[in-house]
Amino acid sequence: MSEEKESKNFIQEIIEADLEAGTHEGRVHMRFPPEPNGYLHIGHAKAIWINFETAKMYGGKTNLRFDDTNPVKEDVEYVNSIKKDINWLGYQWEGDALYTSDYFEIIYGYAEDLIQKGVAYIDEQSAEDIAAQKGTPTKPGTNSPHRDRPVEENLQLFRDMRAGKYPDGAMVLRAKIDMAAPNMLMRDPLIYRIKHATHHNTGDEWCIYPMYDFAHGQSDSIEKITHSCCSLEFMHHRPVYNWFIEQLGIFPSKQYEFARMNVAYMITSKRRLLKLVEEGLVTGWDDPRMSTLSGMRRRGYLPESIRRFCALTGVQKRDNLQEMELLESVIRDDLNAKATRVMVVTDPLKLVITNYPEGQTEELPSKNNPQDENSGHHLMTLSREIWIERGDFMLDPPKKYFRLAPDKHVRLKGAYIIQATDHVTDASGKVTEVHCQYFPESKSGSDNSGIKVKGTMHWVDSTSGIPVELRIYDRLFTDPTPTSHEDKDFLEFYNKESLVVNDQAIAEKHLQEVGETEPLQFMRKGYFIKDQDSTKEKLVLNRTVALRDSWAKMQKK
RNA sequence: UGACCCAUGGUGUAAUUGGUAACACACCAGUUUUUGGUUCUGGCAUUCUAGGUUCAAGUCCUAGUGGGUCAACCA
């Protein structure tokens with residue numbers, strides 16, 4: 001589904017200009033190129049959205065290419081999770097998934113070509129020496145003593161490198177560009193290094209691997225990618241990208257950079273995400289608090305919500321920090337239209353309806369979704385004793401409190417109007433039971449009692465209610481940008497209350513019958529989804545997001 | 001003592017390419033509601049600064065200011 005938007009972002013303008021000029025015969029071909037070294041997160045979702053949606057908009061294609069040039073960091077586990085997450089988000093790449101590693105032979109050929117052309121050389125210096133010669137952004141670098149090695153010698157050494165004659169770190173292949181270039185990346189970048197390591201895709205076939213700068217643009221070119229869109233941090237790589245393409249005379253893919261999307265209270269650094277997992281601060285990559293797609297999926301976020309969030313936040317080149325409120329607003333909006341309404345009491349307090357006959361029960365219909373007339377209904381049981389929310393009864397209520405209090409009237413959602421008549425307290429004065437009378441003529445749907453109430457409360461029958469475990473999530477950090485503090489580690493902002501487990505909640509029996517992936521709204525509480533940890537004995541539910549609560553907001557003031 | 005990118009309300013994006021600031025979220029005040037949910041209505045900026053070009057500048061020019069990025073045998 002193409003998210004509607006009349007105004008064009010800068011990438012669309014570039015594409016339309018290309019289309020106008022007839023570049024590449026009007027072909028639009030993009031790609032999403034993750035390195036399979038971790039799980040996809042909300043930042044990747046934006047990149048995926050940009051590539052797939054933009055290509056689709058112009059009748060183009062989008063490849064999925066694993067940028068796997070560093071064998072020591074990559075694994076098939078990640079390849080599989082990445083594919084799954086992209087599909088879940090709602091996208092299907094063109095043809096089979098592609099791998100940069102499938103182009104190793106071609107890329108190797110490109111390297112020999114560069115050597116033949118006299119613009120690449122073997123450098124035998126140590127990493128430290130090479131770094132020292134790079135200079136600084138304000139001071140030009142100095143040439144390597146091996147810079148003018150003869151072509152034949154370079155070729156022989158490079159072939160020996162490939163043949164495995166040298167250990168890791170013994171030498172590298174560098175492009176001969178300009179050690180005085182103001183762009184540090186143009187100062188004779190390394191393009192091949194020795195790594196005697198097993199690759200997830202090519203096994204032990206290679207012991208030399210191309211660097212990013214000598215693999216990405218080449219792969220784009222091999223796939224005849226027309227618009228290679230990446231995030232701003234690769235901006236300085238563009239001249240390098242272009243230089244190689246020109247030297248090699250291969251298909252002229254072009255790179256464009258957009259600002260990555262940052263979301264408040266979320267982090268998108270793979271390294272730091274991994275640390276959260278390793279330190280046990282979350283239960284895994286798919287912990288519902290994580291910014292990973294697998295985490296958001298488990299949290300109950302809908303893929304269409306994430307897509308719409310991406311559309312709403314736009315594409316541009318300035319730094320940005322999206323508020324979590326927007327994400328939550330989109331999620332609530334989508335869930336409001338889809339979630340099945342059920343009643344769950346999170347902090348139970350017994351309510352005895354004294355004039356309701358002992359032993360009697362009745363079944364009352366409850367709409368599955370008032371937003372959707374076709375959603376049907378399910379039945380709730382009512383009996384003499386039910387559970388209500390402890391916070392819904394107050395002995396000494398403040399002004400504008402519409403809930404239950406001594407002598408006050410209130411409606412039990414989908415059932416009857418009741419009036420509190422009495423209550424029981426324990427030795428400490430805590431209310432342990434509330435007594436009330438109900439008005440039979442006030443039955444929901446056929447109310448002719450004439451009683452007006454301001455409050456409607458949710459409740460759960462005590463004879464049929466089932467105990468459930470609720471996992472209440474909050475933002476993972478106490479600071480909107482936990483990684484932006486130079487003097488503090490991001491873990492210092494870890495929110496210890498980011499997960500609160502409630503194992504005393506009681507849900508209406510209908511919860512037993514809802515599907516694994518069916519979005520739920522616990523009326524007056526929030527949106528929930530069943531968790532994979534649920535067992536036959538006990539349902540576990542994750543809170544996706546709370547409902548707006550203007551009463552709580554009012555109370556704070 | 002460098003190069004490159006960026007600059008519109010609290011946040012994020014827009015502005016028919018020079019024609020008089022729009023939309024969403026947030027916030028505030030109401031409305032609706034058998035969820036204090038939902039709905040609906042109203043309120044909330046003269047576009048970083050200073051010059052300049054022009055009948056007209058958020059859009060163009062100049063100079064500042066502010067923010068970001070750039071050195072890994074990572075991607």
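Every chain is numbered from 1, with letters handed out A, B, ... down the list of sequences.
Close to B:U11, at under 4.0 Å from its OP1 or OP2, lies no side-chain N or O of A:Gln322.
Straight-line distance between the C1' atoms of B:A63 and B:C23: roughly 34 Å, to the nearest whole Å. Of the P atoms belonging to B:G52 and B:C40, the separation is 48 Å, rounded to the nearest Å. For the C1' atoms, the distance linking B:C48 with B:G9 amounts to 14 Å, nearest Å. B:U8 and B:U17 have their P atoms separated by 23 Å, given to the nearest Å. The gap from the P atom of B:G67 to that of B:U59 amounts to 22 Å, rounded to the nearest Å. Distance noted for atom C1' between B:A21 and B:A57: 13 Å (whole Å). Between B:C4 and B:G42, the distance separating the two P atoms is 48 Å to the nearest Å. Across the C1' atoms, B:G51 and B:U16 are found 30 Å apart, a figure rounded to whole Å.
For the atom pair OH (A:Tyr401) and CD (A:Gln555), the distance works out to 9.0 Å, reported to the nearest 0.5 Å. Once rounded to the nearest 0.5 Å, the distance linking CZ of A:Phe309 with CG of A:Asp334 reads 12.5 Å. Taking NE2 of A:His510 as the reference point, atom OG of A:Ser366 lies at 8.5 Å (rounded to 0.5 Å). Atom CG of residue A:Leu173 and atom OH of residue A:Tyr192 lie 8.5 Å apart, to the nearest 0.5 angstrom.
Straight-line distance from the CD atom of A:Gln255 to the C1' atom of B:C4: 13 Å, rounded to whole Å. Regarding A:Leu312, its CG atom lies at a distance of 14 Å from the P atom of B:G12, rounded to whole Å. Regarding A:Gln316, its CD atom lies at a distance of 14 Å from the P atom of B:U11, rounded to whole Å. Between the C1' atom of B:A3 and the CE atom of A:Met179 lies a distance of 16 Å, rounded to the nearest Å. Atom pair A:Lys399:NZ and B:G36:C1' shows a separation of 19 Å (rounding to whole Å applied). Protein atom CE of A:Met523 is 18 Å distant from nucleotide atom P of B:U33, rounded to whole Å. In this entry the distance linking CD of A:Gln12 with P of B:U13 reads 15 Å, nearest Å. Atom P of nucleotide B:G36 and atom CZ of A:Phe402 are separated by 9 Å, given to the nearest angstrom.
The number of heavy-atom neighbours closer than 6.0 Å to NZ of A:Lys317, taken from other residues, nucleotides and ligands shown, is above 12.
By the side-chain contact (heavy atoms from CB on, under 4.5 Å) test, A:Ala337 pairs with no residue at all, sequence neighbours left out. With sequence neighbours excluded, the residues forming a side-chain contact (heavy atoms from CB on, under 4.5 Å) with A:Lys338 are A:Leu302, A:Glu304, A:Pro519, listed by chain and number. Applying the side-chain contact (heavy atoms from CB on, under 4.5 Å) rule to A:Thr346 yields the partners A:Glu389, A:Leu470, A:Asn502, A:Lys525; only residues at least two apart in sequence or on another chain are considered. For A:His236, the side-chain contact (heavy atoms from CB on, under 4.5 Å) partners two or more places apart in sequence, or in a different chain, are A:Asn183, A:Leu185. Contacts of A:His237 classified as ring pair (Phe, Tyr, Trp, His ring centres under 6.0 Å), with partners at least two apart in sequence or in another chain: A:Tyr212, A:Phe234. Applying the salt bridge (Lys or Arg N to Asp or Glu O under 4.0 Å) criterion to A:Glu16, with sequence neighbours excluded, gives A:Lys8.
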Between the protein and nucleotides 15-22 of chain B, which nitrogen or oxygen pairs come in under 3.5 angstrom?
| from | atom 1 | to | atom 2 | distance (Å) |
| --- | --- | --- | --- | --- |
| B:U17 | O4 | A:Glu13 | OE2 | 2.6 |

Protein-nucleotides 43-48 of chain B N/O pairs under 3.5 Å:
none

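A salt bridge does not link A:Lys254 to A:Asp18: none of the charged side-chain nitrogens sits closer than 4.0 Å to a carboxylate oxygen. A salt bridge does not link A:Lys176 to A:Asp188: none of the charged side-chain nitrogens sits closer than 4.0 Å to a carboxylate oxygen. Ion pairing of A:Asp220 with A:Arg65 is present here, as a side-chain N (NZ or NE/NH1/NH2) and a carboxylate O approach within less than 4.0 Å.
Counting non-hydrogen atoms under 4.0 angstrom, A:Phe522 reaches nothing in the nucleic acid. Looking at heavy-atom distances under 4.0 Å, A:Ser550 makes contact with sugar-phosphate atoms alone, never a base. Nucleic acid contact for A:Arg332: none, since no nucleic acid atom lies under 4.0 Å from a heavy atom of the residue. Among the protein residues, A:Gly455 comes within range of no part of the nucleic acid, since none of its heavy atoms lies under 4.0 Å from any strand. Note on A:Ile417: nothing from the nucleic acid sits closer than 4.0 angstrom, heavy atoms only. Counting non-hydrogen atoms under 4.0 angstrom, A:Arg187 reaches nothing in the nucleic acid. Nucleic acid contact class of A:Arg548 (heavy atoms, under 4.0 Å, all strands): sugar-phosphate only.
Taking the side chain of A:Leu326 as heavy atoms from C-beta on, and the options B:U35, B:C25, B:G36, the nearest nucleotide is B:C25. Here the nucleotide nearest the side chain of A:Arg318, chosen from B:G36, B:C25, B:C6, is B:C6.
Contacts between residues 367-377 of chain A and RNA chain B, defined by a heavy-atom separation under 4.0 Å, are made by A:Pro370, A:Gln371.
The distance between the ring centers of A:Phe522 and A:His458 does not fall below 6.0 angstrom.
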remark   = Heavy-atom contacts, protein to nucleotides 66-75 of chain B, under 4.0 Å, summarised as B (base), S (sugar-phosphate only) or - (none) per nt, yield --BBSB-BSB
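Annotation: salt bridge (charged side-chain N to carboxylate O under 4.0 Å, His left out) contacts involving residues 124-140 of chain A, sequence neighbours excluded, comprise A:Glu124-A:Arg149.
Residue A:Glu325 places no side-chain atom within donor-acceptor reach of the base of B:U11, judged by atom type and a 3.5 Å distance cut-off alone. With hydrogens and angles left out, the side chain of A:Thr456 and the base of B:U35 share no donor-acceptor pair within 3.5 Å.
A:Arg162 forms a cation-pi arrangement with A:Tyr108, by the criterion of a distance under 6.0 Å to the ring centre and an angle within 45° of the ring axis.
B:U17: glycosidic angle within 90° of 0, hence syn.
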ask   = In dot-bracket form, how is RNA chain B paired, counting a Watson-Crick or G-U wobble pair only if both its distances are under 3.5 Å and using | for bases paired to another strand?
value = .((((((..((((.....[..)))).((((.........))))....(((((..]....))))))))))).....
